[in-house]
Amino acid sequence: MLDAILGKIAYYNGIANGIVWGVPMLCLIIGVGIFYAIKTKCFQLTHAKDVYDNTVKGIINIATDKKNAKEKKNVLSQFQALSTALASTIGTGNIAGVATAIVIGGPGSIFWMWICAIIGMGTHFAEIVLGIYYRNYDKDLGYSGGPMYYLENGVGKDLGFKKLGKTLAILFALFTFIATYGIGNMTQVNSIAEALKANFGIPNILVGTVIAVLAGFIIFGGITRIGEVTEKLVPFMAVFYVIIGIIIVAMNFRYIPSVFVDIFTGAFTTKAIAGGVFGTVLKRAITYGFKRGAFSNEAGLGSSAIAHSASNEKEPVKQGLWGIFEVFFDTIIVCTFTSLIILSSTIKAPSLNEALNNLTDKETIVCIAESLKNENGELKLVDTEYYKMPIKLDNSNNAIAYKEKPNDNKNYIEIKSYGKTYYVEALEDNETNDNSYFFGNILKINANPIYHTNKNLIYDENGNPMIDSIHVENINGVSLVTLAVSNRLSHIAGKILAIAITLFAFSTVLGWSYYGSKTIEYLFGKSSIIVYKVLYIFFIVIGSSVSLNLVWDVSDTFNGLMALPNLIGVLLLSGKVVEIINNYYDRKNGKEVSPMTSYK
């Protein structure tokens, strides 16, 4: 009964997710960004010097900024607000997500990820400007801002669409609240637990308990304590990861020029996949580049505006400049280093044919494009050529190993395992889908031995283990980045990335806890915050020890649903954003006009 219900949820969520994170939504996110680029005359580019002066140079004035923030209760400095927002945006997706985009969309997807970031800076800037302008202040809770407030106060009150504004505000708050428990909590903790267990042998439940205690201490201290932690944690984890990137890139320096060639040629290729429609490879590059960019920096989702609205900065435009820097750092810096680590790395590995003639239960990494090996016998992990999965696999990436070749007019590949010959079905061109093609040059493969019910191996008459199937997997996500780093840093690569994942994911848990507390406050009032926080800590422990595939998929859908009400509000209030920008620069240039810093 339960399995049937979960199956139905997974099915309908799959449909919803395909719409929410499909091409129409990505077009809407990019479209709004282009609209703002035109409306504000490419503010993020034409005012790049202002961004630099108020963010990078402004970091020098952190001490003064923090002192001013303490003048009000539960208020953050500008840098603390940025750090809290970055804590949420810089997560495991900056590692695993970029790897997925490259493997599925090719190196060219990185170029479109950059374009998405540049366009998204304008949207993100607008969200934060509106967040500061339409926020409310409470002497006990500090500032409350973000999409739910500019939807209600801006769309509802200023523009006169009260029902629409309130409805959109409630929908955004509800979608965000639900997403916090999944994508901001359990999935992040599960990533930490799995990484620490695999590399340090620490039990999942122990990891979950420790994280719950640490997170509880910080979260129950309110936004002030979250800000104090993230302003130290985020710079440390970012520098830690960037240093890893610099080391790997420096060691792979001779491949870097060709990496950029691959990125730019892949971004404009007109190839078709398996005789398909002209330019389908380009479509994949654009789709996955935009998707990774939008998902990573959250421009268009509106969530970061909640954190930025807690800033002590009174000028909406000045805090908005930090939002532009946030997108730049998250995507142009962090995601780019992940892509350079992957695309500049090589490997020495046996060919697929060699592995298929000597399969064991031990996992073996094999290369597909053996002809592309360089003079040292090394092969790029990913290049600009796409490959087809040669073997027909089930949903678990397994293929049945037949002792005798079936007489059914299908094509079979002969394999050998433990001295015996088997046959696995080949994947025909008319049986492929988008997931059958990828740009990675490497696979993981192993034989699946047969076990007794008592979990002991079954052996043949010669004492060799018997197999019933083989497992073939495209190397992707964190595994691909770990492999790239391990080529240069050997056995410590997994431990280094486990530490990076722990820092990234833990900071995300902290950031999203604040988003949840603010949305629950908006929906149900102050008294509901304590209940939310207790449940949030409880789900940290749960998330460390259970399988979360469905939780991840559902929360991913709600994460995307946040964009729709937010983007409607950002579009409707574009005139107000331009008005606030003009007002700020008029005053900066000496004109005597009344400041536009709050709607009240």
Side-chain angles (χ1 to χ4, degrees), residues 51-52 54-62 65-66 76-99 110 113-114 117 120-121 124 128 184 188 191-192 195 214-215 218 226-250 292-293 295-299 303-304 307-308 311 319 321-342 478 481-482 484-485 489 493 495-514:
V51 175
Y52 175 77
N54 285 274
T55 58
V56 179
K57 287 178 68 175
I59 291 175
I60 300 171
N61 301 318
I62 286 176
D65 188 30
K66 286 176 66 176
L76 300 180
S77 69
Q78 296 171 55
F79 184 71
Q80 286 175 331
L82 168 73
S83 297
T84 303
L86 275 173
S88 303
T89 54
I90 297 180
T92 54
N94 291 77
I95 300 175
V98 172
I110 300 304
M113 181 186 73
W114 294 335
M121 289 174 188
H124 206 52
I128 294 166
Q188 301 297 327
S191 296
I192 297 173
L214 291 174
I218 297 167
I226 291 174
E228 289 172 348
V229 172
T230 57
E231 73 171 338
K232 299 177 181 66
L233 177 61
V234 169
F236 173 77
M237 74 181 193
V239 170
F240 176 77
Y241 190 68
V242 168
I243 288 175
I244 295 173
I246 291 172
I247 291 172
I248 301 301
V249 169
R292 172 44 33 210
F295 191 81
S296 175
N297 57 54
E298 298 183 14
S303 49
S304 289
H308 283 281
S311 168
Q319 191 63 38
L321 297 175
W322 284 97
I324 293 174
F325 175 79
E326 177 191 340
V327 175
F328 174 83
F329 190 82
D330 174 90
T331 307
I332 305 298
I333 301 297
V334 179
C335 288
T336 297
F337 266 112
T338 299
S339 67
L340 292 178
I341 288 171
I342 295 169
V478 175
V481 183
T482 302
V485 176
L489 302 182
K495 292 179 171 57
I496 290 174
L497 283 178
I499 294 170
I501 288 169
T502 298
L503 295 174
F504 282 20
F506 182 68
S507 70
T508 300
V509 170
L510 298 181
W512 276 85
S513 72
Y514 180 65

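Throughout, residue positions are numbered sequentially from 1 according to the sequence presented.
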**Student:** Could you list the residues that satisfy side chain to side chain donor-acceptor pair (under 3.5 Å) with Thr230, not counting sequence neighbours?
**Tutor:** Thr84
**Student:** Go through Ile324 and Ile128 one step at a time and tell me if the side chain to side chain contact (heavy atoms under 4.5 Å, CB included) criterion holds.
**Tutor:** CA-CA 9 Å; Ile324 293 174; Ile128 294 166; over 6 Å; no
**Student:** List the residues meeting side-chain contact (heavy atoms from CB on, under 4.5 Å) with Ile333, not counting sequence neighbours, and say none if there are none.
**Tutor:** Val242, Phe328, Phe329, Phe337
**Student:** Can you tell me how far CD1 of Ile226 sits from OG of Ser507, rounded to the nearest 0.5 angstrom?
**Tutor:** 12.0 Å
**Student:** Scan residues 328-339 for pairs that pass side-chain hydrogen bond (donor to acceptor under 3.5 Å, both in side chains), counting only residues two or more places apart or in two chains.
**Tutor:** Asn94-Asp330, Trp114-Thr336, Tyr241-Thr338, Ser296-Asp330, Asn297-Thr331
**Student:** Grab the two heavy atoms, one from Ala195 and one from Ala498, that are nearest each other, plus how far apart they are.
**Tutor:** O-CB, 3.8 Å
**Student:** Look up atom OH in Tyr514 and atom OG in Ser303, then write down how far apart they are to the nearest 0.5 Å.
**Tutor:** 13.0 Å
**Student:** Quick check for you: to the nearest 0.5 Å, what is the distance between Ser191 atom OG and Phe504 atom CZ?
**Tutor:** 12.5 Å
**Student:** For a quick test of reading the model, state the closest non-hydrogen atom pair linking Gly120 to Ala299 and the distance between them.
**Tutor:** O-CB, 3.4 Å
**Student:** So how far is it from Thr55 OG1 to Glu326 CD, rounded to the nearest 0.5 Å?
**Tutor:** 11.5 Å
**Student:** Using every non-hydrogen atom in the two residues, find where Gln80 and Gly227 come nearest and quote the distance to one decimal.
**Tutor:** CG-O, 3.7 Å
**Student:** Once side-chain contact (heavy atoms from CB on, under 4.5 Å) is applied, do any residues pair with Phe240, and if so which ones, sequence neighbours excluded?
**Tutor:** Ile244, Ile496, Ile499, Ala500, Leu503
**Student:** Working to the nearest 0.5 angstrom, can you tell me the gap between Leu489 CG and Thr482 OG1?
**Tutor:** 11.0 Å
**Student:** With rounding to the nearest 0.5 angstrom, report the CG to CE distance, Leu321 to Met121.
**Tutor:** 12.0 Å
**Student:** Within a strict 4.5 Å, meaning less than it, do heavy atoms of the Met237 and Val234 side chains meet?
**Tutor:** yes
**Student:** Grab the two heavy atoms, one from Ile501 and one from Ile192, that are nearest each other, plus how far apart they are.
**Tutor:** O-CG1, 4.2 Å
**Student:** Using every non-hydrogen atom in the two residues, find where Val327 and Ala117 come nearest and quote the distance to one decimal.
**Tutor:** CG1-O, 3.4 Å
